[in-house]
Number of protein chains: 2
Amino acid sequence: MSGGGKPNSPKRTAVATPDADGRAMGTTERVAEIIRQGIRTSQFVPGQHLVEIDLTQRLQISRSSLREALRHLNGDGIVSMGRYRGTHICRLDRKAIDDLLEVLEQLVSLAARRATKAPLEKRRLLDAAVEASGKSLNGVDNGNPMLVRQTFYDTLFEISGNDELPRVTPLSRADLFRAQIRPYQSHEEQRKHAEGYGLIAQAVLSGDPVKAEEAVRTHFEATRQMVDRLPPQAVE
Amino acid sequence: MSGGGKPNSPKRTAVATPDADGRAMGTTERVAEIIRQGIRTSQFVPGQHLVEIDLTQRLQISRSSLREALRHLNGDGIVSMGRYRGTHICRLDRKAIDDLLEVLEQLVSLAARRATKAPLEKRRLLDAAVEASGKSLNGVDNGNPMLVRQTFYDTLFEISGNDELPRVTPLSRADLFRAQIRPYQSHEEQRKHAEGYGLIAQAVLSGDPVKAEEAVRTHFEATRQMVDRLPPQAVE
DNA sequence: TTCGTCAATATCGTCTGACGATTTCATCTG
DNA sequence: CAGATGAAATCGTCAGACGATATTGACGAA
């Protein structure tokens with residue numbers, strides 16, 4: 001009764017593939033994560049045009065699923081979808097960066113303040129995570145600054161105990177910002193920035209909310225000054 | 001029937017329809033906005049199951065477009081899409097509400113602080129908007145509390161001058177929260193709550209950032225106490 | 001009667017193919 | 001060389017299909 005044509009391709013549809021963490025992921029989530037990761041690893045760069053057909057072939061998915069993923073990223077402000085003009089990885093201008101940092105600072109402050117109230121063993125976890133990542137940065141092994149960031153924020157939000165924070169905080173947009181200014185940053189600057197995470201972690205570990213918030217403010221103030229020293233073409 | 005036959009339906013695809021504000025809107029945005037509005041007007045209630053076929057027929061759109069819209073709302077935390085279990089309007093439990101209010105308070109504080117630095121005529125705009133909406137609430141005409149909220153926050157973010165704030169602030173989730181507790185709130189409580197917006201607006205108008213932030217904190221503290229007095233079934 | 005098992009149904013996730021609309025770009029002409 | 005023009009590329013939307021899964025209701029056993 002259904003069409004006489006026989007599909008010769010295996011057509012393995014709707015199969016839940018477990019991800020690295022073992023959790024089942026739909027195609028949409030998986031693709032969105034691939035693109036986010038691609039931004040962190042510079043496989044995609046801000047301003048780049050994402051052609052749908054290309055991606056469907058590269059990722060072996062249908063256009064429907066791809067577009068759902070793109071729509072998701074669009075909601076997060078990672079890509080812009082202009083009518084008939086296609087999907088582009090967002091590029092942030094100076095004002096967008098300033099606004100982003102201000103909001104980030106406010107949310108991370110809250111996270112740090114809350115984190116000081118977490119059980120001691122959890123706070124130690126944060127310090128340990130940063131310490132480990134920071135060590136690998138100085139060593140010869142592949143210490144990825146983007147990975148340090150990710151680990152730090154994931155852990156911080158985790159121990160803050162507020163489930164709304166990770167949903168709301170525009171970390172992916174911050175990844176965009178990082179990717180955009182990366183070519184203009186020296187290793188020394190990156191190292192110094194990573195130290196900031198350590199200082200915040202220690203302040204959180206101390207259990208003093210005022211100190212923790214101060215550490216965050218200092219960190220973002222330094223980031224702002226770094227942005228001010230960036231060449232104009234780095235911020236459009 | 002279908003072979004060789006001409007489709008007698010107009011098939012008006014990919015036609016940009018201007019919305020109420022005159023801006024061109026894609027189908028996805030339009031549908032997402034319809035659903036958001038439907039939550040504000042109780043046409044959709046928290047916990048409700050959204051059946052895709054139903055919505056495609058009701059809204060006269062294809063399943064692809066609908067799913068893109070749902071994916072967008074999913075990213076905003078408005079609906080949950082469980083594998084094969086379907087799409088549901090989110091229901092917030094007590095902890096989710098606490099977390100949401102804490103994040104909201106932090107972001108609205110920032111907005112209010114910034115707004116005090118806006119030009120006087122803009123600040124007057126905020127006060128006027130709240131005043132007008134508030135009056136209509138006491139009068140006999142249809143003053144919708146949800147509309148007051150929306151106007152207040154839209155204006156506040158607008159004059160705050162930070163473009164990241166409206167993107168990040170989970171106002172739609174707050175709408176969810178409002179819709180969920182609405183059956184358990186008296187008119188008196190709603191009126192008192194709306195007064196809070198007026199106090200914030202006045203504090204912003206005064207130009208004192210400390211006063212503005214205090215007004216916000218007070219408002220949210222009152223909201224939290226209101227939540228505490230809610231019957232358990234209101235917060236799952 | 002109540003509870004657990006099993007088949008039927010409803011709904012979902014994904015894929016394929018199609019077509020008009022719009023932008024982009026190379027080509028042509030003055 | 002600037003502007004007109006036409007073809008190609010890409011997008012937004014739709015329609016239909018099919019396997020996979022959850023839910024429901026019937027049915028028999030305790």
Side-chain angles (χ1 to χ4, degrees), chain A residues 1-19 23-34 47-74 79-89, chain B residues 1-19 23-34 47-74 79-89:
Chain A
M1 199 49 172
S2 57
K6 52 178 57 156
N8 50 4
S9 50
K11 187 113 110 171
R12 50 187 177 5
T13 69
V15 129
T17 49
D19 73 346
R23 297 192 319 102
M25 272 179 112
T27 300
T28 298
E29 286 181 70
R30 186 166 48 86
V31 170
E33 189 49 40
I34 286 177
Q48 179 174 345
H49 183 195
L50 298 182
V51 178
E52 297 183 358
I53 299 291
D54 284 1
L55 282 180
T56 57
Q57 290 171 351
R58 181 134 45 117
L59 303 176
Q60 294 284 42
I61 56 170
S62 71
R63 208 149 78 89
S64 333
S65 300
L66 174 65
R67 281 184 60 84
E68 282 187 33
L70 290 181
R71 202 56 83 167
H72 191 91
L73 295 173
N74 182 227
V79 304
S80 66
M81 302 178 77
R83 201 175 178 73
Y84 296 119
R85 220 161 312 173
T87 303
H88 295 259
I89 309 280
Chain B
M1 177 66 161
S2 62
K6 53 174 54 165
N8 49 6
S9 50
K11 183 114 114 172
R12 52 191 175 359
T13 70
V15 130
T17 49
D19 71 347
R23 298 190 315 102
M25 271 179 112
T27 300
T28 298
E29 287 180 68
R30 186 166 48 86
V31 170
E33 189 50 40
I34 286 177
Q48 179 174 346
H49 182 195
L50 298 182
V51 179
E52 298 184 359
I53 298 291
D54 284 1
L55 283 179
T56 58
Q57 290 172 353
R58 180 134 44 119
L59 303 176
Q60 293 284 45
I61 55 172
S62 71
R63 209 150 77 90
S64 328
S65 299
L66 174 65
R67 281 184 60 86
E68 283 186 34
L70 290 180
R71 201 57 83 165
H72 190 92
L73 294 173
N74 182 227
V79 304
S80 66
M81 303 178 78
R83 197 174 182 74
Y84 297 117
R85 220 161 313 170
T87 303
H88 295 258
I89 309 279

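Each chain gets a letter, A, B and so on, in the order its sequence line appears, and its residues count up from 1.
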Enquirer: At what distance, to the nearest 0.5 angstrom, does CG of B:Leu55 lie from OG1 of B:Thr87?
Expert: 9.0 Å

Enquirer: Rounded to the nearest 0.5 Å, what separation is found between the CD atom of B:Glu52 and the CG atom of B:Leu50?
Expert: 9.0 Å

Enquirer: Looking only at non-hydrogen atoms, find the nearest pair between B:Leu59 and B:Val31 and report the distance.
Expert: CD1-CG1, 3.9 Å

Enquirer: Would you tell me if any nitrogen or oxygen in the side chain of A:Ser64 comes within less than 4.0 Å of OP1 or OP2 on C:dT16?
Expert: no

Enquirer: In whole angstroms, how far is the C1' atom of D:dT13 from the CD atom of B:Glu29?
Expert: 15 Å

Enquirer: What is the separation between atom CD on B:Glu68 and atom P on C:dG13, rounded to the nearest whole Å?
Expert: 14 Å

Enquirer: Side-chain contact, heavy-atom cut-off 4.5 Å: A:Ile53 with A:Arg63?
Expert: yes

Enquirer: Starting from the first five and the last five pairs of the helix from C:dT1-D:dA30 to C:dG30-D:dC1, work out the angle between the resulting helix axes, to 10 degrees.
Expert: 10°

Enquirer: Find the distance between CE (A:Met81) and CD (B:Glu29) and round it off to the nearest 0.5 Å.
Expert: 10.0 Å

Enquirer: Please state how far atom CZ in B:Arg30 lies from atom P in D:dG12, giving the value in whole angstrom units.
Expert: 15 Å

Enquirer: Using the side chain to side chain contact (heavy atoms under 4.5 Å, CB included) criterion, which residues pair with B:Thr28? Sequence neighbours excluded.
Expert: A:Arg71, B:Glu68, B:Ala69

Enquirer: Rounded to whole angstroms, how far apart are CG on B:Leu66 and C1' on C:dC12?
Expert: 12 Å

Enquirer: How many Å lie between CD on A:Gln57 and P on C:dT16, as a whole number?
Expert: 11 Å

Enquirer: Measure from CE on B:Met25 to C1' on D:dT13 and round the result to the nearest Å.
Expert: 16 Å

Enquirer: Between A:Gln60 (CD) and C:dG13 (P), how many Å, whole number?
Expert: 22 Å

Enquirer: Strictly below 4.0 Å: does B:Thr27 bring a side-chain N or O up to OP1 or OP2 of D:dT13?
Expert: yes

Enquirer: Are any protein N/O atoms closer than 3.5 Å to N/O atoms in nucleotides 4-11 of chain D? If there are, list each pair with its distance.
Expert:
unit_1, atom_1, unit_2, atom_2, d
D:dC11, OP1, A:Leu50, O, 3.4
D:dC11, OP2, A:Glu52, N, 3.3

Enquirer: So how far is it from B:Ile61 CD1 to B:Leu66 CG, rounded to the nearest 0.5 Å?
Expert: 4.5 Å

Enquirer: Taking atom CG of B:Leu73 and atom OG of B:Ser80, what is their separation to the nearest 0.5 Å?
Expert: 11.5 Å

